[in-house]
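One structure below.
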Amino acid sequence: MAASGSLTKYRLPPLPTIREIIKLYNLRAEKHLSQNFLLDLKLTDKIVRKSGHLQNAYICEVGPGPGGITRSILNAGAEELLVVEKDTRFIPGLKMLNEASNGKVRIVHGDILTYRMDRSFPGHLRKHWEEEPPNIHIIGNLPFSVSTPLIIKWFEQIANRDGPFKYGRTQMTLTFQKEVAERLTASTRSPQRSRLSIMSQYLCSVKNCFTIPGRAFVPKPEVDVGVVKFTPLIRPQIEQPFKLVEKVVRCVFQFRRKYCHRGVSILFPEEKRLKFTEHMLMSADVDPSLRQTN
């Protein structure tokens, strides 16, 4: 058996290269969809290795595009690969990969922001929340325009144990703009500490795996890209309803470079704002003159 995190010896049959697929189907990255293609299969293999041991795993890939990461997942020995792709131009190339893998690729033409994953995998894969994560993974080179709303949606589903997290503590390995990746993983006293830091880390163990230079993508984005792995925690760091946590954190970080009491105060009715804000900050042992930077 291959070591954890390594690719197996399984290989797809000879196929056109990703560049040839792009040329064959006349594919162009659409700016309004924030599309950037990753053509270097060494990098797509590295993303897949960071996802963990995928032998016989069930995978959902978000936005496969021309299929670079898709090939790496299949070469890692996945049992079944569900791909959710919004852009119809990529469907023929994905069908080619399905045929080459003897039917391992299940193609859904749809929007990942609205697609329901609560029934996407076999029932026998379910694990109790306290157990090890199920043999299910979510992997994706996310378009920049949807990455933040999508991860917030998944955080809420983690909190409610819904969607793909009905099966247990499903792990995710996803790409973000480097700055967003840094915020997701920023430690308590980091200048990158932000709303995203708290929302991710109160629910997940989060690891910034590595950075992909922008020049590796076609077309080249103006920023580098970070690969982040999320593993839901058995117990959240904050045991309160998600909507409440999200509201408090959003208010606290609403006013950039302002004293933190400014954001806290808007949580309360105006006539009791000063009293309740002082009480809340004192109870939390927070200096009201601290400023938030992000």
Side-chain angles (χ1 to χ4, degrees), residues 113-114 118 128-131 133 138 142 144-166 168-172 174 176-208 226 228-294:
L113 285 169
T114 57
D118 51 346
H128 293 294
W129 197 260
E130 296 75 19
E131 295 180 317
I138 300 172
L142 302 182
F144 295 157
S145 61
V146 303
S147 61
T148 298
L150 180 58
I151 197 62
I152 292 294
K153 170 191 170 181
W154 280 334
F155 288 157
E156 183 168 10
Q157 290 182 337
I158 290 171
N160 297 328
R161 301 182 185 182
D162 197 6
F165 309 100
K166 272 193 170 183
R169 295 185 298 120
T170 298
Q171 298 178 90
M172 304 182 287
L174 307 166
F176 300 87
Q177 292 183 56
K178 182 183 177 183
E179 181 182 359
V180 176
E182 290 173 346
R183 290 184 178 185
L184 285 163
T185 58
S187 58
T188 304
R189 296 190 179 277
S190 167
Q192 294 294 329
R193 190 73 169 174
S194 68
R195 164 178 168 259
L196 281 178
S197 313
I198 296 172
M199 298 307 295
S200 63
Q201 294 170 38
Y202 102 85
L203 290 165
C204 297
S205 169
V206 190
K207 181 179 180 182
N208 195 340
V228 181
K229 182 173 181 179
F230 304 83
T231 303
L233 298 171
I234 293 176
R235 292 186 65 179
Q237 301 279 8
I238 305 169
E239 295 190 5
Q240 294 293 336
F242 180 87
K243 293 291 189 185
L244 175 61
V245 176
E246 199 275 335
K247 180 179 180 180
V248 171
V249 174
R250 177 166 33 87
C251 288
V252 169
F253 284 94
Q254 182 166 338
F255 300 104
R256 295 191 61 181
R257 306 191 186 283
K258 300 293 185 181
Y259 293 127
C260 67
H261 68 78
R262 174 88 179 273
V264 173
S265 68
I266 63 176
L267 290 165
F268 304 114
E270 190 170 353
E271 64 274 10
K272 298 181 179 180
R273 189 163 287 174
L274 180 61
K275 178 182 177 181
F276 284 3
T277 299
E278 288 178 349
H279 178 72
M280 180 175 177
L281 292 172
M282 186 179 298
S283 299
D285 193 23
V286 173
D287 181 351
S289 65
L290 287 176
R291 297 176 187 265
Q292 62 89 5
T293 57
N294 289 306

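Index from 1, following the sequence. Not measured: the values here are computed from a predicted model.
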Exercise. What's the spacing between R195 CZ and R183 CZ if we round to 0.5 Å?
Worked result: 10.5 Å
Exercise. H279 versus F276: any side-chain heavy-atom pair under 4.5 Å?
Worked result: no
Exercise. Hey, does M172 have a side-chain heavy atom less than 4.5 Å from the side chain of I158?
Worked result: yes
Exercise. Under the 3.5 angstrom rule, does the side chain of T277 hit a backbone N or O of L274 as a donor-acceptor pair?
Worked result: no
For this session: Mind checking the CD-CD1 spacing from E131 to I234? Nearest 0.5 Å is all I need.
Result: 10.0 Å
Exercise. Under a 4.5 Å cut-off applied to non-hydrogen side-chain atoms, are M280 and F268 in contact?
Worked result: yes
For this session: Taking only Lys NZ, Arg NE, NH1 and NH2, and the carboxylate oxygens of Asp or Glu, determine whether R169 and E130 approach each other closer than 4.0 Å.
Result: no
Exercise. Closest approach of N208 and G226, non-hydrogen atoms and distance?
Worked result: OD1-CA, 4.5 Å
For this session: Report the distance from atom NZ of K153 to atom CG of D162, rounding to the nearest 0.5 Å.
Result: 9.5 Å
Problem set entry | Gap separating the CH2 atom of W129 from the CZ atom of R235, nearest 0.5 angstrom | 14.0 Å
Problem set entry | Evaluation steps, side-chain contact (heavy atoms from CB on, under 4.5 Å), between L233 and S205 | CA-CA 6 Å; L233 298 171; S205 169; 4.2 Å; yes
Exercise. Is there side-chain contact between S147 and L174, with at least one heavy-atom pair below 4.5 Å?
Worked result: no
Problem set entry | Between CE on residue M199 and CH2 on residue W154, distance to nearest 0.5 Å | 16.0 Å
Exercise. Atom CD of E182 and atom CG of L196: how far apart are they, to the nearest 0.5 Å?
Worked result: 12.5 Å
Exercise. Within the distance-only criterion (no hydrogens, no angle test), does the side chain of S200 pair as donor or acceptor with the backbone N or O of L184 below 3.5 angstrom?
Worked result: yes
For this session: Walk me through it: do I151 and F176 pass the test side-chain contact (heavy atoms from CB on, under 4.5 Å)?
Result: CA-CA 10 Å; I151 197 62; F176 300 87; 4.2 Å; yes
Exercise. Would you call F155 and F230 a side-chain contact if the rule is heavy atoms closer than 4.5 Å?
Worked result: yes
Exercise. Between Q192 and S197, what is the shortest heavy-atom contact and its length?
Worked result: O-OG, 3.7 Å
For this session: Dump the intermediate steps for side-chain contact (heavy atoms from CB on, under 4.5 Å) on T148 and Q177, then the final yes or no.
Result: CA-CA 10 Å; T148 298; Q177 292 183 56; over 6 Å; no
Exercise. Do R193 and Q201 come within less than 4.5 Å of each other through their side chains, counting heavy atoms only?
Worked result: yes
Problem set entry | L203 and F242: CA distance, side-chain angles, deciding distance, side-chain contact (heavy atoms from CB on, under 4.5 Å) verdict | CA-CA 10 Å; L203 290 165; F242 180 87; 4.2 Å; yes
Exercise. Within the side chain of T170, is there an N or O that forms a donor-acceptor pair under 3.5 Å with the backbone of P164?
Worked result: yes
